[in-house]
Chemist: 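Structure provided below as structure tokens; questions to follow.
We name chains A, B, ... by the order of the sequence lines, and we start the count at 1 in each one.
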There are 2 protein chains.
Amino acid sequence: MREFLKTKGFKMTPQREIIFRAFFEIGDHVTVDELYRRVRKSDNSVGYSTVWRNLKLICRVGLAEEVNLGDGVTRYDRVTREPHGHFYCVQCKQVTEFEMEEIVAKLHPIADKQLFHVDTIKCEISGVCETCQKKTDDDDDTPLVS
Amino acid sequence: MREFLKTKGFKMTPQREIIFRAFFEIGDHVTVDELYRRVRKSDNSVGYSTVWRNLKLICRVGLAEEVNLGDGVTRYDRVTREPHGHFYCVQCKQVTEFEMEEIVAKLHPIADKQLFHVDTIKCEISGVCETCQKKTDDDDDTPLVS
DNA sequence: CGGCTAAATGAAATCGAATTTCAATTTCAA
DNA sequence: TTGAAATTGAAATTCGATTTCATTTAGCCG
């Protein structure tokens with residue numbers, strides 16, 4: 001990793017070491033705050049902005065990407081995996097994934113047709129997860145569109 | 001519209017009249033600020049928060065939905081149309097659409113399989129639009145990867 | 001037509017995540 | 001070892017989103 005960063009003009013530091021390690025351990029849909037807490041367990045002197053900057057750095061070097069589920073908090077995903085979309089439960093805020101190979105394959109021709117140069121493709125499905133569906137079978141939340 | 005709102009327990013006001021009208025005229029991917037400016041042309045005494053609240057209201061009654069393209073600004077789309085995804089040009093910030101009927105049809109079974117109750121489906125493709133591609137053929141922006 | 005209550009408004013204040021500033025520290029190539 | 005450039009931590013700032021609050025208004029009821 002030190003070498004990889006060097007080739008891109010960045011230095012390795014103890015804090016960065018911890019942050020990178022933590023990020024790749026936690027895995028996906030992490031928020032800055034979550035990662036910050038996690039990092040503090042290893043070294044409680046690491047600053048919030050350092051965690052933030054390094055998360056941005058991980059994105060810049062192409063190892064992660066920002067995920068926006070519309071709840072005002074930015075999450076971060078590793079990009080070292082298959083293309084995938086997200087299920088976002090509006091009740092428990094839990095994020096799960098689904099494989100998106102086929103969807104992506106369908107989307108590319110659409111972009112090509114409009115001569116749009118694609119950087120990233122995102123699919124987000126919001127709704128209620130199985131667990132929360134069961135939980136809210138009774139206590140209904142005054143539906144506006146009855 | 002007055003009647004429609006009444007059935008949902010809301011009143012009609014001059015400001016609301018203007019805001020609703022403006023929203024459905026402008027059409028899509030409007031930001032609060034854009035709509036606010038537009039509304040002020042009809043009546044420069046309308047407040048920003050009123051525009052914001054009414055945009056939220058339009059969403060609540062199911063006539064619009066929030067669109068999040070990851071640039072920190074919330075946009076609003078009418079929902080009275082075919083399901084569609086968005087192209088977002090990271091250079092000129094322009095938003096265009098693409099038809100998504102078929103994609104949605106493929107996505108639903110995926111959600112069903114995980115027993116996820118779907119509220120909304122969003123597909124966002126970020127990249128560079130045709131116009132901006134031509135514009136930036138020369139002045140390259142120091143690519144980090146490569 | 002008044003009177004009344006809930007809803008709506010506008011301005012200003014607040015919130016909160018994201019981002020920047022700045023002085024001090026650290027990395028690492030020469 | 002040394003110096004330039006990168007990095008860090010804390011605090012400040014930014015900026016869109018949202019709330020507060022005093023005032024006004026819509027629309028139902030008699």
Chemist: Within the structure shown, what part of the strands sits under 4.0 Å from B/Asn54 by heavy-atom distance: base, sugar-phosphate, or nothing?
Modeler: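 B/Asn54: backbone/sugar contact only, no base atoms under 4.0 Å.
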
Chemist: Do B/Val46 and B/Leu55 share a hydrophobic cluster (ILVMFWY, side-chain heavy atoms under 4.5 Å, transitive)?
Modeler: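 Yes; B/Leu55 is reachable from B/Val46 via cluster members.
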
Chemist: Tell me, which of residues 43-52 of chain B have any heavy atom that sits under 4.0 Å from an atom in DNA chain C?
Modeler: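 Listed by number, they are B/Ser45, B/Val46, B/Gly47, B/Ser49, B/Thr50.
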
Chemist: Where is the tightest heavy-atom contact between B/Ala111 and B/Val118, given as atom of each residue plus distance?
Modeler: CB-CG2, 3.4 Å

Chemist: Would you call A/Arg37 and A/Glu34 a salt bridge, using N to O less than 4.0 angstrom?
Modeler: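 Salt bridge: no.
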
Chemist: Below 4.0 angstrom, N of the basic side chain to O of the carboxylate: do A/Glu102 and A/Lys106 qualify?
Modeler: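 Salt bridge between A/Glu102 and A/Lys106, a charged N being under 4.0 Å from a carboxylate O: no.
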
Chemist: Got a salt bridge between B/Glu130 and B/Lys134, using NZ or NE/NH1/NH2 to carboxylate O under 4.0 Å?
Modeler: yes

Chemist: Can you tell me how far OG1 of A/Thr31 sits from OH of A/Tyr36, rounded to the nearest 0.5 angstrom?
Modeler: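 Answer rounded to 0.5 Å: 12.5 Å.
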
Chemist: Could you name each residue pair satisfying salt bridge (Lys or Arg N to Asp or Glu O under 4.0 Å) that touches residues 40-54 of chain B, not counting sequence neighbours?
Modeler: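 Listed once each, the pairs would be none.
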
Chemist: Taking any atom under 4.0 angstrom from a heavy atom of chain B, which nucleotides of DNA chain C are the first and last to qualify, 5' to 3'?
Modeler: C/dA6 to C/dA11

Chemist: Please tell me if the side chains of B/Glu101 and B/Glu82 come closer than 4.5 Å, counting only heavy atoms from C-beta onward.
Modeler: yes

Chemist: Quick check: do B/Lys8 and B/Phe10 have side-chain heavy atoms less than 4.5 Å from each other?
Modeler: yes

Chemist: Regarding B/Arg21 and B/Glu17, does a basic nitrogen lie under 4.0 Å from an acidic carboxylate oxygen?
Modeler: yes

Chemist: Show every ring-ring contact (aromatic ring centres under 6.0 Å, His included) that has at least one partner inside residues 109-129 of chain A, sequence neighbours left out.
Modeler: A/Phe116-B/Phe87

Chemist: Is A/Arg53 touching bases, backbone alone, or none of the nucleic acid, heavy atoms closer than 4.0 Å?
Modeler: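 The residue A/Arg53 makes base contact.
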
Chemist: Go nucleotide by nucleotide along DNA chain D from the 5' end; which of B/Gly72 and B/Lys11 gets its closest nucleotide reached first?
Modeler: B/Gly72

Chemist: Reckon A/Thr31 touches a base, only the sugar-phosphate, or nothing at all at heavy-atom distances under 4.0 Å?
Modeler: nothing

Chemist: Between A/His29 and A/Glu97, do the side chains contain a donor N or O and an acceptor N or O under 3.5 Å apart?
Modeler: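 Distance-only check passes for A/Glu97 and A/His29.
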
Chemist: Should the pair B/Lys122-B/Glu65 be classified as a salt bridge under the 4.0 Å nitrogen-to-oxygen rule?
Modeler: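 Judged by the 4.0 Å cut-off on N to carboxylate O distance, B/Lys122 and B/Glu65 do not form a salt bridge.
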
Chemist: Need to verify one output field. Residue with the more 5' nearest nucleotide on DNA chain D, B/Met12 or A/Thr13?
Modeler: A/Thr13

Chemist: Stem finding on DNA chain C, please: runs of three or more consecutive Watson-Crick or G-U wobble pairs, both distances under 3.5 Å, sorted by first number.
Modeler: C:1-30 with D:1-30

Chemist: How would you give the extent of chain A contacts on DNA chain D, as first and last nucleotide 5' to 3' within a 4.0 Å heavy-atom cut-off?
Modeler: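 For DNA chain D, the relevant span reads D/dA5 to D/dA10.
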
